Amino acid sequence: MTDATPLPFDLPAVHRKKLTVDFDGGTQSSDAGLLLLREAERKLGVCRRLAAAMPDRRDPDRILHAMFEMVMERVSAIACGYKDAIDLDRLRYDPLMKATVGRCPETGAPLASQSTISRLENSPSKTDAARLGVAMIDQFCATVKPGRIEIFDIDDTFCAAHGGQQLAFWNAHHDERGFASMHIYHVASGAPVATILRPARTPKGTEVRTVIKHVTKLLKQHWPNTRIVWRGDSHYGRVEAMEWIEENDGDYIFGLPGNSTLDALVAKTADNLRFHHAKSHQEKVRTHTSFTYQAGSWTCPRKVVARLECSLQPDAGETTSNGMRQEVDVRYVVTSLKGPAEYLYEDVYCGRGQMENLIKLHKAQLASDRMSCHSATANQVRLALHTAAYWLMLAVRDAIPQTDPLAKAEFATIRERLIKIGARVIEHLARIRIQLPTSCPEGRLFRAVALRLAPSTG
């Protein structure tokens, strides 16, 4: 890093007072929120857990950066909004980044550079990447307190490929090559459970069964008395998955594609709904029903819940006098849960929509869709690092008092308000002093969150 300091310069005056800019402000950082991430890691231990799961095959006599330091550096940078490892060529000198990984901000040696972090991402084997997946599930079970029944959402999201990456697959819907990373989240806490890199195609029944099987068994090792409920859209309502869940004392509620047989079973209900809609003055009228149904590939009948909604829609064929015609939209789900049809669909299944928001936090606001490595294993490692960043940001958000507007904010908003704050760093012989701006808009909240995350000294 060069020691050359740019010369001062002048800008237009303010109220006839000269405005001079120089670079003599001392050691500073633009990411004071790294202190919050440091305390979140001390509370959760997610980066330390990942570092312990990654075998270190380097020569011990030549190691300059410990495994935990590299993982913490990369994960903290992701949480701060630095998407790629190349940003670490600058951040390795940042005083608060040094303090976050456990080095002194001024006298401590620089942190790992981009090339070192890239080797970290590319060095693990497939077995090592699998260990990271298990470590993330262990992290979840160690952090979240289980109840008698817990619901887990499973879904996938498209991530475009930019080059010849392994596992990239052509997706006709998105009209480009990419991946369809599979995400699993805990409904009650919004915590991530697993993130799996896979090609951009609809998962097969055997693939869904394999994922649910392995994740369930790992969860049951920690939560033996908890009944697990799996929830997903029609991509995951596969007979192989349903059969395995039924045989292993679990429950499920999955979307089910409609067909002529199902439509015939609800035809009478649909006719009654049309009649009531015509008599009412409501824009839309809904009803729910349930019945048993056995598809050709199923070995036994299962409970199906149907949601029917009648409304007026534009008549493209202009066969009606007012240009509108009645239409009944029908959606189906298959489930092993007991209860009224309306409750199962509206209260249980429709809650799956929150999954899209959680994926957005992971994918868009923590940039986990940047599959920049050629190797599929390296990209899977990157997903684990981004999931660790999700954990740190989630811990920061959970530490915000519920009465504060930021308690339910997205990660991007929390980053803007609590992470991207300038700070002056002064290292004394026996103390490190961090000075935040006197005019910091969220100063009181920053203090409250930091003290909540910090371990109790009493």
Side-chain angles (χ1 to χ4, degrees), residues 1-8 21-44 46-48 51 63-117 120 385 388-389 392-393 395-396 399 414-443 445-451 453-455:
M1 186 178 185
T2 178
D3 294 326
T5 302
L7 295 174
V21 181
D22 60 39
F23 297 89
D24 297 325
T27 304
Q28 298 190 30
S29 171
S30 60
D31 298 302
L34 282 166
L35 297 172
L36 302 181
L37 299 177
R38 174 180 180 267
E39 296 308 317
E41 165 59 25
R42 288 165 60 87
K43 181 177 181 179
L44 296 176
V46 57
C47 293
R48 199 166 295 279
I63 291 178
L64 298 178
H65 310 285
M67 187 67 73
F68 166 74
E69 291 179 332
M70 293 189 292
V71 172
M72 186 64 189
E73 179 187 3
R74 181 72 171 105
V75 170
S76 298
I78 292 171
C80 289
Y82 300 103
K83 303 175 182 179
D84 293 310
I86 195 171
D87 296 312
L88 298 176
D89 281 343
R90 294 178 294 107
L91 292 175
R92 63 193 298 245
Y93 302 101
D94 186 284
L96 285 186
M97 182 64 81
K98 290 182 184 180
T100 299
V101 304
R103 296 191 178 188
C104 291
E106 293 184 359
T107 59
L111 303 177
S113 63
Q114 176 268 328
S115 57
T116 303
I117 297 299
L120 170 72
L385 296 174
L392 296 185
M393 292 297 289
V396 171
I414 293 174
R415 179 188 299 132
E416 178 184 344
R417 304 278 289 276
L418 289 179
I419 304 296
K420 311 301 288 187
I421 300 175
R424 185 180 182 187
V425 183
I426 305 173
E427 181 182 340
H428 299 291
L429 186 62
R431 180 186 294 271
I432 297 172
R433 187 178 297 276
I434 311 297
Q435 296 180 332
L436 273 64
T438 305
S439 60
C440 179
E442 303 294 346
L445 179 59
F446 189 99
R447 182 180 187 276
V449 173
L451 294 179
L453 289 172

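One is the number of the first residue; the rest follow in order along the sequence. What you see is a predicted model; the values in this text were computed from it and never measured.
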Could you check whether any side-chain N or O of [X] sits under 3.5 Å from a backbone N or O of [Y], counting only pairs where one atom can act as donor and the other as acceptor?
{"X": "E106", "Y": "I426", "value": "no"}
{"X": "S76", "Y": "M72", "value": "yes"}
{"X": "Q28", "Y": "V425", "value": "no"}
{"X": "E73", "Y": "M97", "value": "no"}
{"X": "D89", "Y": "Q114", "value": "yes"}

Is [Y] close to [X] at the side-chain level, that is, under 4.5 Å between some pair of heavy atoms?
{"X": "L96", "Y": "P105", "value": "no"}
{"X": "L436", "Y": "I434", "value": "yes"}
{"X": "M67", "Y": "L120", "value": "yes"}
{"X": "L88", "Y": "L111", "value": "no"}

Kindly give the heavy-atom pair with the smallest separation between [X] and [Y], and that separation in Å.
{"X": "A32", "Y": "A423", "answer": "CB-CB, 3.7 Å"}
{"X": "Y82", "Y": "R74", "answer": "O-NH1, 4.0 Å"}
{"X": "L34", "Y": "C80", "answer": "CD2-SG, 3.5 Å"}
{"X": "A395", "Y": "L44", "answer": "CB-CD1, 3.7 Å"}
{"X": "C104", "Y": "E427", "answer": "CB-OE2, 3.5 Å"}
{"X": "F446", "Y": "L418", "answer": "CE1-O, 3.5 Å"}

Say you draw a straight line from [atom1] of [X] to [atom2] of [Y]; how long is it, rounded to the nearest 0.5 Å?
{"X": "I117", "Y": "D84", "atom1": "CD1", "atom2": "CG", "answer": "12.5 Å"}
{"X": "I421", "Y": "S29", "atom1": "CD1", "atom2": "OG", "answer": "10.5 Å"}
{"X": "L36", "Y": "L445", "atom1": "CG", "atom2": "CG", "answer": "8.5 Å"}
{"X": "I86", "Y": "L91", "atom1": "CD1", "atom2": "CG", "answer": "11.5 Å"}

Ion pair R90/D87, N-O distance below 4.0 Å = yes

key: Pairs touching residues 428-437 that satisfy side chain to side chain donor-acceptor pair (under 3.5 Å), sequence neighbours left out   = none

Salt bridge (Lys or Arg N to Asp or Glu O under 4.0 Å) against [X], all qualifying residues, sequence neighbours excluded:
{"X": "R42", "result": "E39"}
{"X": "D31", "result": "K420"}
{"X": "R103", "result": "E69"}
{"X": "R38", "result": "none"}

query = Could you walk me through whether E41 and T100 pass the side chain to side chain contact (heavy atoms under 4.5 Å, CB included) check?
reply = CA-CA 9 Å; E41 165 59 25; T100 299; over 6 Å; no

key: Under the side-chain hydrogen bond (donor to acceptor under 3.5 Å, both in side chains) test, residues paired with R417 that sit two or more places apart   = E442

key: L451 atom CG, over 12 foreign heavy atoms within 6.0 Å   = yes

